[in-house]
Amino acid sequence: MMDKVSFTIDGLEVVVDNGTSVLEAALRNNIYIPHLCYHPDLEARGACRLCIVEIGGGELVTSCRMPVESGMVVKTKSPKIEKIIRPVVELLIADHHASCASCPSSSHCELQKLMAHLRIDRRRVRRLRLPKVKAPLDTTNPCFDYDPNKCVLCGICLQTCESIHRVSALYYVGRGYTTRIAFYGDKSRCESCRECVTRCPVGALISRKT
Amino acid sequence: MIKKQYSLTVCQGTGCISGGAEDIFSSLEDEIDRLNLGEGIRIKRTGCHGFCQRGPLVVVDPETSSGLFYSKVAPGDVSDIIQSFLPGGKPVERLFYRDPASSKPIPNYHDIPFYRKQERIVLRNCGHIDPEDIDDYLATGGYQALRKALFEMTPEQIIAEVKQSGLRGLGGAGFPAGRKWEATFRAGGNEKYVICNADEGDPGAFQDRSVLEADPHSVLEGMVIAGYAVGARRGFIYVRAEYPLAVKRLRIAITQARDKGFLGRDILGSGFGFDIEIFRGAGAFVCGESTALVLSIEGKRGMPKPLPRPRTAEVGLWGKPTLLNNVKTFANIPLIIVRGSEWFASRGTETSKGTAIFSLTGKVANCGLIEVPMGTRLREIIFDIGGGVPGGKAFKAVQTGGPSGGCIPASLLDMPVDFDSLTAAGSMMGSGGMVVMDEDTCMVDVARYFLDFTQRESCGQCIPCRVGTKQMFSVLDDITTGQGRPEDIDLLLELGESVAGTSLCALGQTAPNPVLTTIRYFRDEYEAHIHEKRCPAGVCQALVSKTPSLSKREGEGDK
Ligand SMILES: Cc1cc2nc3c(=O)[nH]c(=O)nc-3n(C[C@H](O)[C@H](O)[C@H](O)COP(=O)(O)O)c2cc1C
Ligand code: SF4
Ligand code: FES
């Protein structure tokens with residue numbers, strides 16, 4: 001017997017299974033909350049910070065890691081959320097060296113979806129400093145390329161490798177702005193399952209057609 | 001030959017050693033041997049006195065009211081120091097500390113303003129005992145707290161005492177120590193751990209290093225008591241990779257403590273067993289954050305864990321309940337146990353008990369490591385203990401709390417220094433860094449400097465911190481090089497609020513502080529840089545030719 005809990009999200013009364021996260025409950029009820037690092041197959045890491053919602057008296061939490069509690073009142077939109085989340089998305093766009101027109105992920109890209117949802121204003125993005133150098137493509141993996149300029153470091157590829165394919169061939173390297181995912185080429189334990197490529201929410205992992 | 005018995009202490013802290021203190025110690029020893037004065041003069045090595053700027057330091061009879069303080073001692077002074085003990089000998093006046101304002105010599109250790117206004121609890125033994133000799137620690141009452149805890153107190157009583165003392169963690173966040181101890185005690189299971197955080201990654205901070213180098217046993221004793229209280233049998237000290245001397249002294253201390261039965265399977269015959277291992281840090285600033293530190297000991301990449309999550313006290317190292325405290329938090333414990341929580345809580349403010357420790361640096365006459373009761377006014381710290389700003393310059397601001405702290409202006413100098421007042425002023429206690437800035441400091445440049453540090457040290461996992469701190473740094477860099485845009489101040493405020501409000505861990509949450517406080521208190525300097533392309537303090541190179549204050553200074557030099 002699965003316990004059910006009911007809660008309110010954006011004024012809508014919803015009943016879900018106990019243990020469901022606020023983000024999952026929202027998505028299941030066709031309420032979109034911005035997110036990049038959440039993937040239904042994986043444990044929520046709370047890394048991208050985009051899924052922040054307001055609960056109860058105004059506490060801000062990442063909805064992907066917040067389990068629904070009975071009677072909880074959730075707001076996915078509020079001036080408070082808007083004020084802190086919009087700049088994060090703008091930062092990401094300013095940093096995302098990409099032209100959507102030529103990107104193979106265009107039309108199924110989570111970042112595009114996010115931008116449309118938030119109605120990103122390009123003028124505001126232009127206030128930001130753009131990165132001066134483009135990082136080179138990492139082509140060391142035998143079956144796919146990695147474009148660090150598009151990577152949002154959601155960590156989904158890493159987590160997939162670790163918990164879906166159970167290989168752990170991918171690593172974080174570096175610190176700060178230059179943090180990257182490393183694929184370690186020939187020495188890699190990668191078994192070319194491409195599970196990570198499938199789950200990349202943007203176009204940072206590109207299958208090579210050999 | 002010598003009537004009286006003298007004791008001569010030679011500081012062997014990292015600061016004094018780099019000034020040649022090891023040679024001075026051996027020369028003094030040789031000279032004592034040569035003149036066959038070993039009976040009358042007892043010489044010993046100590047850890048840091050905190051006044052590294054005046055080192056190498058030699059103190060005669062530090063425990064007595066007539067103790068003499070010799071500063072900036074060089075090998076050439078050794079023979080004169082020894083001669084001074086012989087009949088008819090006089091103190092070596094040229095080595096006396098001189099008051100920076102009046103140039104008056106102050107011979108007595110305890111009269112020096114730098115020390116007079118301090119209250120040393122955590123630093124109680126620093127500069128007084130030989131850190132490599134457990135007997136010296138025992139002579140000051142060392143390990144009595146452990147005896148009392150093991151034989152006269154239950155774990156519950158110890159936890160109650162720590163709670164009542166009001167002690168708050170000195171690693172930065174100021175979380176009540178007693179509550180953490182209680183949570184670890186209550187957590188189930190019979191495998192638990194105690195971790196001492198000695199990562200100290202803040203640039204310029206050296207409090208934890210000094211305590212470990214000067215008084216390692218006080219930390220070990222605090223940890224064993226903690227182990228007994230929470231039910232742990234294993235402890236780790238996570239020491240910053242760059243602290244070889246601290247590691248060396250800790251190793252010696254651990255071996256000596258084991259030999260004397262203060263560590264091991266059956267401590268002092270009580271049946272309680274506890275041992276401590278040293279873990280050398282991975283070298284990243286973020287590894288000082290508690291969850292990242294735990295991952296680092298487990299051999300994984302040090303990346304903070306997001307909320308909501310179980311507390312480290314419940315699920316910590318290898319998934320077991322873990323008590324994690326800072327070096328200074330542990331060093332407080334023996335005194336709280338021996339003298340009681342009331343004694344401890346009698347100093348400090350309503351919400352911050354005990355003492356605060358700062359590394360006082362920057363444009364201040366007396367730089368060094370200081371300890372004052374919580375609630376001491378900033379003005380007393382900077383002007384009485386620190387001796388004010390040298391060179392007749394005006395005080396401009398003080399930056400507290402390490403790279404993520406804020407800049408506090410002159411108008412707030414009468415503010416009491418404690419956890420909550422500092423936070424209210426937009427800064428924080430943090431690691432206890434305290435950098436004094438004078439009129440020649442450019443506040444935009446200061447903000448740029450600190451953001452440069454944090455943006456490099458971001459672990460990279462969350463977007464606002466990784467990309468946001470970098471962006472804020474780029475904007476500040478543009479402003480200081482004359483490329484600021486009219487909308488930049490608003491942009492920085494907006495980004496700052498967003499990065500602080502969305503980041504996963506305290507690194508990102510506090511990183512904007514230096515920017516937000518300098519805009520709050522020194523907005524005019526930002527405006528001068530952006531709108532007039534002028535650096536009022538004459539620091540920013542790209543704007544220097546347009547800076548009247550610098551040309552004025554050059555003019556003065558011509559006279
Ligand atoms: C980026 C970052 C770095 C930190 N570095 C240290 C450190 O070097 N030493 C330390 O004791 N605490 C550090 N902390 C605080 C720890 O997370 C933790 O709060 C503290 O060690 C707990 O001990 P306490 O309760 O005795 O203060 C850091 C926190 C953050 C977010
Ligand atoms: S705030 Fe910065 S340091 Fe902390 S988890 Fe996020 S990226 Fe890492
Ligand atoms: S989806 Fe919740 S933090 Fe990324």
Side-chain angles (χ1 to χ4, degrees), chain A residues 21-22 34 36-37 44-52 55 59-67 80-96 111 123-132 151-155 158 168 171-181, chain B residues 282-287 300-309 451-479 483 485-488 490-505 507-509 511:
Chain A
S21 71
V22 171
L36 280 176
C37 71
R45 280 177 63 240
C48 77
R49 318 304 294 162
L50 296 173
C51 68
I52 286 177
I55 55 169
E59 193 193 341
L60 297 174
V61 297
T62 42
S63 60
C64 66
R65 284 181 64 89
M66 189 72 208
K80 218 158 120 184
I81 300 170
E82 160 78 18
K83 203 158 175 229
I84 58 170
I85 290 299
R86 184 169 294 276
V88 180
V89 178
E90 290 166 351
L91 280 164
L92 200 54
I93 294 164
D95 188 51
H96 190 79
L111 191 54
R123 276 169 311 188
R124 279 175 53 87
V125 178
R126 260 179 248 128
R127 300 178 306 165
L128 301 170
R129 295 351 184 221
L130 302 179
K132 295 192 179 73
C151 176
V152 293
L153 280 177
C154 63
L158 227 131
S168 297
Y171 302 86
Y172 282 105
V173 289
R175 233 186 279 163
Y177 183 70
T178 52
T179 310
R180 302 261 182 276
I181 309 286
Chain B
F285 173 65
V286 73
C287 285
K300 303 185 186 126
R301 181 178 161 104
M303 297 210 293
K305 289 187 179 166
L307 291 166
R309 59 167 150 81
L451 256 290
D452 189 26
F453 177 83
T454 37
Q455 63 102 2
R456 277 174 215 269
E457 293 297 330
S458 156
C459 83
Q461 80 173 309
C462 72
I463 300 170
C465 174
R466 179 182 77 243
V467 193
T469 54
K470 165 79 177 177
Q471 180 68 228
M472 290 177 82
F473 169 74
S474 302
V475 174
L476 289 164
D477 197 50
D478 276 1
I479 297 177
Q483 299 166 72
R485 306 176 194 162
E487 67 275 18
D488 278 347
D490 285 339
L491 177 63
L492 284 173
L493 290 171
E494 225 179 89
L495 291 174
E497 195 183 338
S498 169
V499 171
T502 57
S503 285
L504 189 155
C505 85
L507 191 153
Q509 287 158 10

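Lettering of chains follows the sequences in order, A, B, ..., and the numbering in each one begins at 1. From a predicted model like this one, the values you see are computed outputs, not experimental measurements.
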Side chains of B:D488 and A:R129: closer than 4.5 Å at any heavy-atom pair? yes
OG of B:S474 to CG of A:L130, rounded to nearest 0.5 Å, is 10.0 Å
Please round to the nearest 0.5 Å and tell me the distance separating atom CD of B:Q471 and atom CG of A:D95. 8.5 Å
Heavy-atom contact with chain A under 4.5 Å, split by part of B:A284: both
Looking only at B:E487, B:R456, B:R309, B:K305, the option with the highest number of non-hydrogen pairs under 4.5 Å against chain A is B:R456
Would you check if the side chain of B:R466 reaches a backbone N or O of A:V152 as a donor-acceptor pair within less than 3.5 Å? yes
List the atom of A:R175, the atom of B:F285, and the distance in Å for their closest heavy-atom pair. NH1-N, 4.5 Å
Donor-acceptor pair, distance only, cut-off 3.5 Å: does the side chain of B:E497 make one with the backbone of A:I84? no
Tell me which one of A:R127, A:K83, A:R86 satisfies side-chain hydrogen bond (donor to acceptor under 3.5 Å, both in side chains) with B:E494. A:R127
One should read off an interatomic distance between B:Q461 CD and A:C48 SG, to the nearest 0.5 angstrom, of 11.0 Å
Against chain A, work out which of B:P308, B:S503, B:G468, B:C459 has the most heavy-atom pairs shorter than 4.5 Å and name it. B:P308
Nearest 0.5 Å please: distance from the CD1 atom of B:I463 over to the CG atom of A:L36. 5.5 Å
Minimum heavy-atom separation for A:A47 to B:C462, with atom names? O-CB, 2.9 Å
Can you tell if the side chain of B:L495 reaches within under 4.5 Å of the side chain of A:L128, non-hydrogen atoms only? yes
Determine the option with the most heavy-atom pairs under 4.5 angstrom with chain B, choosing from A:T179, A:V61, A:L153, A:L92. A:L153
Heavy-atom donor-acceptor pair, A:R49 side chain to B:T502 backbone, under 3.5 Å: yes
